[in-house]
Structures are given as structure tokens and as C-alpha cells.
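The block underneath contains the structure these notes are about, expressed in C-alpha cells.
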Amino acid sequence: NKVKKIRELNDNLRQNFSDGRVMLTKGVAGLPLAIQLKIMQKVKSFNNFNASNDPYGEHDFGAFDLKGVTYFWKIDYYDHDYIYLSADAADSNLTNRVLTIMRADEY
């Protein structure tokens, strides 16, 4: 079904940083590289999906703490030109995925 396909595509991007773009906000990109790598590893290994953070079962958002700071990651779906939202997030031929990693206070 459609939700299962979206979840699989999102998990692939999140776990492998492939088949999409990964963006870091200023608050994350400005951190020391060692901290950035820890944050990226937390995103890749995130598996705490539940009804409150994943109500549609698409695995498109997560939150975690690292050294007393809360971070979010989210996946958005764009068309081929990254201008408009995708017409169908389950269709990888129509969708460019963007995973954004940010500090919670940047949201």
C-alpha cells in the first residue's frame, strides 16, 4: 500500500542518506564535526516511532536529545525542481525527498 511504500522510501533515506538530499540547518552545521556525526548517527538509528510522532506511519519525523539539546529531523517531499510539493510521495519517480536535521529551537 501507499503508506508502506512511503515508509520504506523514508527509512532508506534516513538510514542510508541515499536517494534524497540531507540538509543541516545553521544550528547543526555550525557544530563541531564530531557532534554533527553523532547527530547524524542518531538520525540513522532512530526507531522510536509511535502514534504521537508518527500518526500516519510514514516515518517522516523524529526527535531526540543529545548532550542536553533536542534535535528534530523531518522528511519533506518535493517535485523534480524542488519548487512544489510532490504529487505522490509514494512514487519515487515523481518525488525528491529532503531530510532536514535541525535543533528543536530552529523549528
Side-chain angles (χ1 to χ4, degrees):
N1 73 25
K2 206 170 234 197
V3 170
K4 182 179 178 190
K5 183 63 177 172
I6 292 170
R7 182 173 49 245
E8 288 171 358
L9 292 166
N10 287 347
D11 283 345
N12 180 57
L13 172 55
R14 180 181 49 79
Q15 294 168 345
N16 303 304
F17 288 0
S18 63
D19 298 322
R21 291 185 179 177
V22 177
M23 307 296 291
L24 305 178
T25 59
K26 274 186 166 182
V28 175
L31 295 169
L33 182 58
I35 300 296
Q36 289 181 43
L37 293 173
K38 286 180 184 177
I39 291 167
M40 287 186 252
Q41 187 55 46
K42 295 275 270 185
V43 170
K44 287 183 171 192
S45 64
F46 185 88
N47 66 0
N48 186 27
F49 296 103
N50 57 60
S52 67
N53 69 14
D54 192 31
Y56 303 107
E58 296 178 349
H59 291 190
D60 60 355
F61 175 84
F64 59 89
D65 290 335
L66 181 68
K67 298 190 178 207
V69 177
T70 301
Y71 295 91
F72 292 159
W73 61 266
K74 63 189 284 294
I75 297 175
D76 293 300
Y77 318 108
Y78 293 97
D79 67 359
H80 284 286
D81 297 320
Y82 295 95
I83 296 173
Y84 301 106
L85 296 179
S86 171
D88 183 358
D91 187 340
S92 60
N93 294 315
L94 296 176
T95 305
N96 286 321
R97 284 179 157 63
V98 177
L99 167 62
T100 304
I101 304 170
M102 68 197 84
R103 290 174 52 113
D105 61 8
E106 293 180 296
Y107 190 68

Tell me which pairs pass salt bridge (Lys or Arg N to Asp or Glu O under 4.0 Å) where either residue lies in residues 81-101, with sequence neighbours left out. Lys2-Asp88
Under the salt bridge (Lys or Arg N to Asp or Glu O under 4.0 Å) definition, can you give me all pairs with a residue in residues 38-67, not counting sequence neighbours? none
In short, Thr95 meets Ser86 closest at the heavy-atom pair OG1-OG, 2.6 Å
Relative to each other, are the rings of Trp73 and Phe49 parallel, tilted or perpendicular (30° and 60° limits)? perpendicular
Expected output: side-chain [X] to main-chain [Y] donor-acceptor under 3.5 Å:
X     : Y     : answer
Asp19 : Leu13 : no
Arg14 : Phe46 : yes
Asn53 : Ala63 : no

Members sharing Val3's hydrophobic cluster, built from side-chain contacts under 4.5 Å between Ile, Leu, Val, Met, Phe, Trp and Tyr, are none
Applying side-chain contact (heavy atoms from CB on, under 4.5 Å), name anything that partners [X], two or more places apart in sequence or on another chain.
X     : value
Ser92 : Leu9
Ser52 : Asn50
Ala29 : Leu24

Using side-chain hydrogen bond (donor to acceptor under 3.5 Å, both in side chains) as the criterion, list what pairs up with [X], not counting sequence neighbours.
X     : answer
Lys4  : none
Asn47 : none
Tyr84 : none
Asp79 : none

Does a side-chain heavy-atom distance below 4.5 Å link Val43 with Val22? no
Judged by modelled atom types alone, do Asp76 and Tyr82 share a side-chain donor-acceptor pair under 3.5 Å? no
Residues passing the salt bridge (charged side-chain N to carboxylate O under 4.0 Å, His left out) test with Arg103, sequence neighbours excluded, are Asp105
Can you hop from [X] to [Y] via hydrophobic side chains spaced under 4.5 Å?
X      : Y     : answer
Ile101 : Leu33 : yes
Ile75  : Ile6  : yes
Ile35  : Val28 : yes
Phe64  : Leu37 : yes

Does anything in residues 22-31 form a side-chain hydrogen bond (donor to acceptor under 3.5 Å, both in side chains)? List the pairs, not counting sequence neighbours. Thr25-Glu106
Audit row: Asn96, Arg21, side chain to side chain contact (heavy atoms under 4.5 Å, CB included) steps and yes/no: CA-CA 8 Å; Asn96 286 321; Arg21 291 185 179 177; over 6 Å; no
Within 6.0 angstrom of Tyr107 OH, more than 12 heavy atoms from elsewhere: no
In this structure, OH of Tyr77 is separated from CG of Leu85 (nearest 0.5 Å) by 10.5 Å
Given Asp11, Asn12, Asn10, the one that forms side-chain hydrogen bond (donor to acceptor under 3.5 Å, both in side chains) with His59: Asp11
